[in-house]
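Presented below is the structure to which this report refers.
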Number of protein chains: 2
Amino acid sequence: MRILQSKSIANQVDEILLERIRGGVYLPGSRIPSESELSDELGVSRATVRTALAKLAANGFILRKQGDGTYVNEHIHETSAHFGNLWDLAELIAGNGYQPSIRFLSMERRPATEKEALVLALEEGEELICLRRLFYADQQAVILADNVIPFSLLCEPIEKIDGKLHIRDIFEQYFHQKISFVLTDIRSTVLEADAHEFLSGESGRAILQLQTIFYEKNNLPLALGVNIFDDSFLHLSLAQAWN
Amino acid sequence: MRILQSKSIANQVDEILLERIRGGVYLPGSRIPSESELSDELGVSRATVRTALAKLAANGFILRKQGDGTYVNEHIHETSAHFGNLWDLAELIAGNGYQPSIRFLSMERRPATEKEALVLALEEGEELICLRRLFYADQQAVILADNVIPFSLLCEPIEKIDGKLHIRDIFEQYFHQKISFVLTDIRSTVLEADAHEFLSGESGRAILQLQTIFYEKNNLPLALGVNIFDDSFLHLSLAQAWN
DNA sequence: AAGTGGTCTAGACCACGGC
DNA sequence: CCGTGGTCTAGACCACTTG
């Protein structure tokens with residue numbers, strides 16, 4: 001369960017506008033009301049409206065033209081990922097037009113490899129929890145997601161862990177840790193036997209790999225994530241405002 | 001030549017702070033002056049300072065902690081790309097710690113394929129300009145960059161085109177077009193014979209491909225770009241604030 | 001308790017585009 | 001010319017962390 005924190009006004013405005021875009025109130029290519037009109041209508045200052053509009057523009061939902069107006073981007077349906085959300089696999093699947101779901105595969109304890117110990121600032125051989133999950137797009141298995149976390153950080157009995165939660169909630173609930181920032185490496189690799197067991201496609205084909213390191217607020221590494229998927233099925237596409 | 005437009009105060013503040021971070025005035029892991037101190041020192045309002053800090057935080061250069069302070073990210077040297085700059089190949093190379101340079105390979109005119117015509121909203125067979133360039137990291141050829149642009153958009157004699165310019169400047173100077181936003185697809189593929197001629201590595205190995213569509217302000221497609229590189233040499237890594 | 005970043009306001013002026 | 005978005009200011013209050 002996730003506690004509902006009262007969101008900032010700017011975030012609420014952002015959600016209202018996004019809902020209008022997605023709901024067809026503001027049609028693709030059309031001009032939306034001006035900043036002053038929105039601030040009047042919603043009863044907030046123009047600065048607050050601008051905060052929300054800036055977020056929408058950064059993610060390519062709208063295009064802003066000085067001296068003219070703000071327009072709904074006609075190409076929003078061709079993007080599947082958004083900045084600040086590159087690691088959100090469910091959203092990536094939804095952005096591709098499928099219904100996302102998660103299957104919990106396995107959880108095991110094992111000592112850290114040399115490389116893992118290096119990245120996580122541990123002693124080699126220290127115990128890790130390895131979480132393996134499979135993401136589905138509709139009924140199709142599309143993303144194999146592995147996460148490794150030092151066992152020493154665990155605050156709750158290992159049996160309690162719900163493998164279907166968002167990775168953020170897993171950290172918060174069972175490790176009492178908040179993630180402050182993440183570092184993601186986007187790589188190209190080939191589908192190997194190990195993963196081929198879960199993902200479709202012939203072995204040896206090119207696939208995308210997202211390697212993520214999670215850090216807490218004091219810049220200490222919390223965990224590693226490796227997500228692989230076939231990008232001929234699931235597209236990783238980003239919209240960016242140019243300036 | 002690029003006209004120097006006087007930059008906004010917020011951008012200037014951003015540059016000053018980034019210079020201090022890169023120059024070691026603000027050391028990795030250390031706390032930088034508070035917003036009030038910076039606004040006093042630089043003689044700008046706190047809101048302007050915050051605009052600059054928000055940009056730095058979005059790109060992972062700094063970490064902000066409410067009730068505590070703002071800290072220089074210790075892991076900035078592990079990132080090579082930044083949001084809003086995913087298409088800037090020279091910066092990607094520099095972010096990996098190499099000196100970038102460009103070699104102009106070829107420019108030819110040919111009719112559009114069916115797929116190109118579809119994406120660029122042209123008739124099949126309409127004439128295109130194909131620009132092929134090679135990016136170097138120090139002395140090593142690392143990125144093969146192809147761009148195709150409708151010939152009908154060209155405003156200057158084709159012989160004048162300087163193939164070593166930034167793609168943005170090519171559009172501005174020879175096509176009199178400003179790019180408003182871009183849509184980038186990140187894909188995994190294998191090194192084929194065609195490209196293998198220019199890039200090192202054995203044929204058949206997995207490489208990254210960035211496919212970009214450039215749009216002008218009225219949402220009309222301007223051009224296509226395909227950039228491929230070996231991600232075992234050049235890493236595509238992004239830092240993101242979580243929240 | 002003091003200081004930090006987070007949020008919001010009201011108002012001002014500018015640069016640009018369309019009419 | 002007018003309305004748009006772009007920038008900046010000065011000030012206020014809140015939420016949070018640390019000592």
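Every heavy atom of this structure was used, including side-chain atoms; hydrogens, water molecules and symmetry mates were not.
Closest to the D68(B) side chain, of the nucleotides dT9(D), dT17(D), dG5(C), is dT17(D). With dC8(D), dA12(D), dG5(D) as the candidates, the nucleotide lying closest to the side chain of Q66(A) is dG5(D). Checked against dG6(D), dT7(C), dT18(D), the side chain of K217(A) finds its nearest nucleotide in dT18(D). Taking every side-chain heavy atom of V44(B) into account, dT9(D) is the closest of dG6(D), dT9(D), dT7(C). Candidate nucleotides dT9(C), dG5(C), dT4(D) were compared by shortest atom distance to the side chain of S45(A), and dT9(C) ranks first. Set against dC8(C), dT7(D), dG6(C), the side chain of R50(A) has dT7(D) as its closest nucleotide. Among the nucleotides dC8(D), dG5(D), dC13(D), the one closest to any side-chain atom of A10(B) is dC8(D).
Heavy-atom nearest nucleotides on DNA chain C were determined for A47(A) and for K65(A), and the one closer to the 5' end corresponds to A47(A). Projected onto DNA chain C by closest heavy-atom contact, N11(A) and R31(B) fall at different nucleotides, the more 5' of which corresponds to R31(B). Nearest-nucleotide positions on DNA chain D for R64(A) and G67(A) put G67(A) closer to the 5' end.
Salt bridge absent: E126(B) and R109(B) never bring a charged side-chain N and a carboxylate O closer than 4.0 Å. For the pair E216(A) and K65(B), the salt-bridge criterion is not met [side-chain N within less than 4.0 Å of a carboxylate O]. We find that R168(B) and D88(B) are not joined by a salt bridge, their nearest charged nitrogen and carboxylate oxygen being 4.0 Å or further apart.
Atom CG in D40(A) sits about 11 Å away from atom P in dA10(C), given to the nearest Å. Put simply, CG on L17(B) is 15 Å from C1' on dG5(C), counting in whole angstrom units. Nucleotide dA10(C) holds its P atom 18 Å from the CZ atom of R46(B), rounded to whole Å. What separates CD1 of I9(B) from P of dA12(C) is a distance of 19 Å, to the nearest Å. Between the C1' atom of dT7(D) and the CD atom of E35(A) lies a distance of 11 Å, rounded to the nearest Å. In this structure, CG of L38(B) is placed 15 Å from C1' of dG3(C), rounded to the nearest angstrom. Rounded to whole Å, the distance from OH on Y71(B) to P on dC16(D) is 18 Å. Taking atom CD on E37(A) and atom P on dG3(D), their separation rounds to 11 Å, with Å as the unit.
Of the side-chain N and O atoms in S8(A), none sit less than 4.0 angstrom from OP1 or OP2 of dG6(C). Considering only side-chain N and O atoms, T70(B) lies under 4.0 angstrom from the phosphate OP1 or OP2 of dG5(C).
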Handout entry: Derivation and outcome, side-chain contact (heavy atoms from CB on, under 4.5 Å), residues E172(A) and Q177(A)
Key = CA-CA 5 Å; E172(A) 283 187 12; Q177(A) 296 276 359; over 6 Å; no

Exercise for the section: Let me see the working for E35(B) and R64(B) under salt bridge (Lys or Arg N to Asp or Glu O under 4.0 Å), right down to the final yes or no. Expected result: CA-CA 11 Å; E35(B) 298 180 350; R64(B) 321 209 63 192; 2.6 Å; yes

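Aromatic ring orientation, Y215(A) versus F181(A): parallel (interplanar angle below 30°, classes split at 30° and 60°).
Note on S36(B): nothing from the nucleic acid sits closer than 4.0 angstrom, heavy atoms only. At the heavy-atom level, T51(A) lies nowhere under 4.0 Å from the strands shown.
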